[in-house]
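Being a predicted model, the structure only gives us computed values, none of them experimental. Numbers restart at 1 for each chain; the letters A, B, ... are given by sequence-line order, proteins then strands.
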Number of protein chains: 2
Amino acid sequence: MTVPTPSLPAHDNPTVVRLFEAAADAFADKGFHATTTRDIASRAGLSPAGVYVHFASKEDLLFQLSRVGHEGARDALAAAAAEANSPTEALSEVISTFAQWHAEQYQVARIVQYEFRHLSPDHQREVLTLRREIDGVVEGIITEGVASGEFCVEDTRVTALAALSLVVDVARWYHPGVRRTPEDIGADYGRLVLRLVGAS
Amino acid sequence: MTVPTPSLPAHDNPTVVRLFEAAADAFADKGFHATTTRDIASRAGLSPAGVYVHFASKEDLLFQLSRVGHEGARDALAAAAAEANSPTEALSEVISTFAQWHAEQYQVARIVQYEFRHLSPDHQREVLTLRREIDGVVEGIITEGVASGEFCVEDTRVTALAALSLVVDVARWYHPGVRRTPEDIGADYGRLVLRLVGAS
DNA sequence: GTCTATAAATCGATAGAC
DNA sequence: GTCTATCGATTTATAGAC
């Protein structure tokens, strides 16, 4: 049994946690470049210089948010896939879980999906590795379902990308106050994706 | 017969056209706030001050791009819908056309979909009106298809949003050099969306 | 209508006291 | 580890010559 990777750098430090939440709010709300380090610091109750005691730069904050966000999504996905007894159940559960995560964590999801290009090239590569793990889970389930005869698709990659598009776009339009709850959205997309793969 | 609204302010002025294209490239590539007016001006072959002869501000450039982009998408959609003889044909054609547009015009599409929040409140309202026209076309077709018995959906609004998510997300992942052509993508999504509405 | 030059404000990040 | 103060670079936008 290995010790799980800490989800945050120094996640037991309350000031670091506050900075993390402040940056997540600000980046999701205004975007990376429209957010100032002063903005983040004041939301966290610190002076402008306080940020740099805990993070090397504004880009470092974005990177840590992206990394932790991806890891959280990947873990939620893997847990959902592990419990399933068939490709149909697995796909429905994984998409449902992922869609719900995109709604509940819509700030982090937005940063993960839409602020990616503002990471340094090295950090882009690292985050891309995590993203490919996630994409691979969905594509793998569809491949299994086609092999077992449960699914009927023209192109596995095209269908996997379409399924992920449904989910990712939740981060664009979701905000607290929309009609549906995150649970509703997850359930809706769990059903819709079974139509996409010809399983219902 | 009314004269069509010019798609560009002073669209017959070659300098304005060059500025427009330079801004579209830059905003799509780096985002609104990461793009400098110097960057736009130099891409258009002008001095930093040259921008302000033709546009009031950087935000004005973003607004004009968003407005013209939305109008182009809406017109392409309306033309596709007008030619169809059934809800099934209409939905397939509209989604196919819209997806193809998002790939071919992926720079403008990206600006339209992801830089919206950087518009002024007044300009957000104006662009939102255009966007609701587009959403209404898709939702209207699905409503017709349900009424005629061609489609079978649980919730019309949820399904319309899902169909649009497929299309909108093209602007996030598409770039020249991906495996499929814009025509391929349009054809793929025209078929996939018929599955979403239970028509195939 | 385009230029050079620059104003005026703001940014990310650092220095050094405590 | 947090602060005040500020550096140095960069930004949007304007002034005024041509």
Suppose we screen for ring-ring contact (aromatic ring centres under 6.0 Å, His included). Which residues come up paired with B:Tyr114, at least two apart in sequence or across chains? A:Tyr114

Are any of the side-chain heavy atoms of [X] and [Y] separated by less than 4.5 Å?
X: A:Lys30; Y: B:His33; value: no
X: A:Glu71; Y: A:Leu130; value: yes
X: B:Lys58; Y: B:Phe32; value: yes
X: A:Val170; Y: A:Tyr189; value: yes

Whole-Å distance between [N] [atom2] and [X] [atom1]?
X: A:His33; N: D:dT10; atom1: NE2; atom2: P; answer: 13 Å
X: B:Leu46; N: C:dT4; atom1: CG; atom2: P; answer: 11 Å
X: B:Asp39; N: D:dA13; atom1: CG; atom2: P; answer: 15 Å
X: B:Leu61; N: D:dT11; atom1: CG; atom2: P; answer: 17 Å
X: B:Leu19; N: D:dA13; atom1: CG; atom2: P; answer: 14 Å
X: A:Leu62; N: C:dG12; atom1: CG; atom2: C1'; answer: 15 Å
X: B:His54; N: C:dT2; atom1: NE2; atom2: C1'; answer: 8 Å
X: A:Ile40; N: D:dT2; atom1: CD1; atom2: C1'; answer: 17 Å

Going 5' to 3' along nucleotides 13-18 of chain C, which nucleotides have protein heavy atoms under 4.0 Å from the base (write B), which only from the sugar-phosphate (write S), and which from neither (write -)? BBB---

Mind checking the CD1-CG spacing from A:Ile141 to A:Leu77? Nearest 0.5 Å is all I need.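 With rounding to 0.5 Å, CD1 (A:Ile141) is 7.0 Å from CG (A:Leu77).
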
What distance separates A:Glu21 CD from A:Arg43 CZ, expressed to the nearest 0.5 Å? 12.0 Å

Under 4.0 Å between any heavy atoms, over every strand shown, what does B:Ser47 touch: base, sugar-phosphate, or nothing? Just pick one.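 Base contact.
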
Is the backbone N or O of A:Ala44 less than 3.5 Å from a side-chain atom of A:Arg18, with the two atoms forming a donor-acceptor pair by type?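 Yes, because the side chain of A:Arg18 sits within donor-acceptor range (under 3.5 Å) of the backbone of A:Ala44.
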
Compute the angle between the rotation axes at the two ends of the helix from C:dG1-D:dC18 to C:dC18-D:dG1, each taken over five pairs, rounded to 10 degrees.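 Roughly 10° between the end axes, to the nearest 10°.
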
Show your working on side-chain hydrogen bond (donor to acceptor under 3.5 Å, both in side chains) between A:Arg67 and A:Gln64 and close with a plain yes or no. CA-CA 5 Å; A:Arg67 188 179 57 76; A:Gln64 301 296 345; 2.9 Å; yes

